Protein chains: 2
Amino acid sequence: MKLTSKGRYAVMALVDLARFDTINPVSLRDISLRQGISLDYLEQIFSKLKKNQIVKSTRGTQGGYVLSKKPNEIKLTNIFNAVDEKVKTVQCKKESKKGCNGKATKCVTHNLWDELETHINSFFEKKSLEDLLKNNSERIN
Amino acid sequence: MKLTSKGRYAVMALVDLARFDTINPVSLRDISLRQGISLDYLEQIFSKLKKNQIVKSTRGTQGGYVLSKKPNEIKLTNIFNAVDEKVKTVQCKKESKKGCNGKATKCVTHNLWDELETHINSFFEKKSLEDLLKNNSERIN
DNA sequence: TACATACCTGACTAAAATGGTCAAGTTTAC
DNA sequence: GTAAACTTGACCATTTTAGTCAGGTATGTA
Ligand code: FES
Ligand code: FES
């Protein structure tokens, strides 16, 4: 079970945005340099974040991205959904009546993985960007 | 973030074992048929489970595997460690002083992922094979 | 003692996912 | 007009996953 770079980078970039977008839009180039993420890869990620109305963009010189909501309104769940970083623990289709073994009943571990998924998702639903900002400034002081 | 088949199969197989090993050792062939898991793949998994003293084996005709501890003494943590299904959320080496960005400080999200890892692992530490047996028989009745 | 059953070991591999790069734009501030 | 910055889509190398395959070795039973 591991977290992919796409999810990790999305959150890193948005924290960066939350810290620096108060005066001017922030360019991906800046984020790329500050956070050490490939510029081209960031573009893919921000394209998805924009489609999901998590960020807004301004084109042209001095352009860049800005959060489209307040940091406390952006939960990790929203971010992860936007970039398709989903938690997948069960193998079977959840709606399907068939189990992952192809039989008519769910496998012996189905309920366990389902609980696990809920457990993990509850973490993402609790945490917002604002929590991360606090956490970060605590560490600086 | 997704669970791999190796971890999933290991738990499925051990639940099967816990249900059927009370009289005779259980052959991998039986598990393979009941759970719909490739026999050759099961052998790889059980090799690791054996090295980690989670199961014991008997060779020859009528041979097979038996749990080496009571179901309530086998936690998911133990199983996952045995088959190398580890939860990995941070990108950096934890001991290292360097962050995942190569800089001297930890990245802005490091603490978050570390919390997440703890959150997930606590689930695995709580759950034992016995819990799964209960859950399963509940569903049958 | 033969022989079938079942464990044991290690090498190999097809397919998918990951983590990007690259190329060719369009928009807009200055 | 030109450079900065967003936009789009194709492409690709590497790694991981989820196995397969080909040999073994041990042992209960007939
Ligand atoms: S995971 Fe849903 S049936 Fe096995
Ligand atoms: S995850 Fe540890 S420094 Fe980024």
Side-chain angles (χ1 to χ4, degrees), chain A residues 1-13 17 20-21 24-33 35-52 54-66 68 80 83-89 91 100-102, chain B residues 1-13 17 20-21 24-52 54-66 68 80 83-89 91 100-101:
Chain A
M1 293 211 82
K2 68 185 167 208
L3 191 66
T4 67
S5 286
K6 202 186 294 188
R8 196 194 327 275
Y9 288 167
V11 177
M12 283 173 76
L17 210 59
F20 294 104
D21 78 349
N24 293 314
V26 179
S27 72
L28 292 188
R29 158 169 288 274
D30 287 351
I31 299 179
S32 166
L33 291 175
Q35 305 298 331
I37 304 171
S38 144
L39 177 60
D40 286 312
Y41 201 24
L42 272 179
E43 278 170 351
Q44 288 180 42
I45 293 171
F46 272 76
S47 154
K48 297 186 178 190
L49 291 175
K50 193 188 172 186
K51 274 192 194 121
N52 286 267
I54 292 175
V55 296
K56 285 182 295 193
S57 66
T58 316
R59 299 181 77 148
T61 315
Q62 303 299 327
Y65 288 93
V66 176
S68 62
F80 276 17
V83 298
D84 303 312
E85 170 88 32
K86 41 197 144 194
V87 176
K88 194 181 175 211
T89 57
Q91 178 115 30
C100 59
N101 44 20
Chain B
M1 292 212 82
K2 68 185 167 210
L3 190 66
T4 67
S5 288
K6 202 186 295 190
R8 196 194 327 274
Y9 289 168
V11 178
M12 284 173 75
L17 211 58
F20 293 104
D21 78 348
N24 293 314
V26 179
S27 73
L28 292 188
R29 159 169 286 273
D30 286 352
I31 298 179
S32 167
L33 292 174
R34 274 196 294 261
Q35 306 298 331
I37 305 170
S38 143
L39 178 58
D40 286 313
Y41 202 24
L42 272 179
E43 280 171 349
Q44 287 180 42
I45 294 170
F46 272 76
S47 152
K48 296 187 180 189
L49 292 175
K50 195 190 170 184
K51 274 192 195 120
N52 286 268
I54 291 175
V55 296
K56 285 182 296 192
S57 65
T58 316
R59 300 181 78 149
T61 316
Q62 303 298 329
Y65 287 93
V66 176
S68 63
F80 277 15
V83 299
D84 304 311
E85 170 88 31
K86 40 197 146 196
V87 176
K88 194 182 174 208
T89 57
Q91 179 115 29
C100 60
N101 43 20

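Note: hydrogens, waters and symmetry copies are ignored here, and every other heavy atom, side chains too, is used. It should be emphasised that the depicted structure is a prediction, and the values quoted were computed from it without experimental measurement. First the proteins, then the strands, lettered A, B, ... as listed; each starts at 1.
Judged purely by atom type and a 3.5 angstrom limit, A:S57 has no side-chain atom pairing as donor or acceptor with the backbone of A:G64. Judged by distance alone, with hydrogens and angles left aside, the side-chain atoms of A:S68 form a donor-acceptor pair with the main-chain N or O of A:I54 at under 3.5 Å.
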Checking B:E43 against B:L28 for the side chain to side chain contact (heavy atoms under 4.5 Å, CB included) test, could you report, in this order, the C-alpha distance in whole Å, the side-chain angles of both residues, the deciding distance, and whether it holds? CA-CA 7 Å; B:E43 280 171 349; B:L28 292 188; 3.4 Å; yes
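Under 4.0 angstrom from either OP1 or OP2 of C:dC8 there lies at least one side-chain N or O belonging to B:K50. For A:S57, a side-chain nitrogen or oxygen approaches OP1 or OP2 of D:dT7 to under 4.0 Å.
Rounded to whole angstrom, the span from the NZ atom of A:K51 across to the P atom of D:dC6 amounts to 16 Å. The separation between A:I45 atom CD1 and D:dT7 atom P is 15 Å, rounded to whole Å. Taking atom NZ of B:K56 as the reference point, atom C1' of D:dT27 lies 18 Å away to the nearest angstrom. A:K48 has its NZ atom 15 Å from the C1' atom of D:dT7, to the nearest Å. The NZ-P distance, from A:K2 to C:dT18, rounds to 9 Å in whole Å. Put simply, CZ on B:R8 is 10 Å from P on D:dG19, counting in whole angstrom units. Protein atom NZ of A:K86 is 15 Å distant from nucleotide atom C1' of C:dT18, rounded to whole Å. Rounded to whole Å, the distance from CE on A:M1 to P on C:dA17 is 16 Å.
Residue-level contact check: B:F46 touches neither bases nor backbone, having no heavy atom under 4.0 Å from any strand. Residue-level contact check: B:V26 touches the backbone only, with heavy atoms under 4.0 Å from sugar-phosphate atoms and none from bases.
Remark: A:Q44 CD to A:L39 CG distance equals 11.0 Å, nearest 0.5 Å. One finds the CD atom of A:Q35 at 4.5 Å from the CE atom of A:M12 (value rounded to the nearest 0.5 Å). Here B:M1 contributes atom CE and A:L3 contributes atom CG; the two are 5.5 Å apart, rounded to the nearest 0.5 Å.
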List the protein contact pattern of nucleotides 20-30 of chain C with one symbol per nucleotide (5' to 3'): B for base contact, S for sugar-phosphate-only contact, - for none; contact means a heavy-atom distance under 4.0 Å. BBB--BBBBB-
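The aromatic rings of B:F46 and B:Y65 sit tilted, their planes meeting at an angle between 30° and 60°.
Place A:T4 and B:Y65 on DNA chain C by their nearest nucleotides, and B:Y65 ends up nearer the 5' end.
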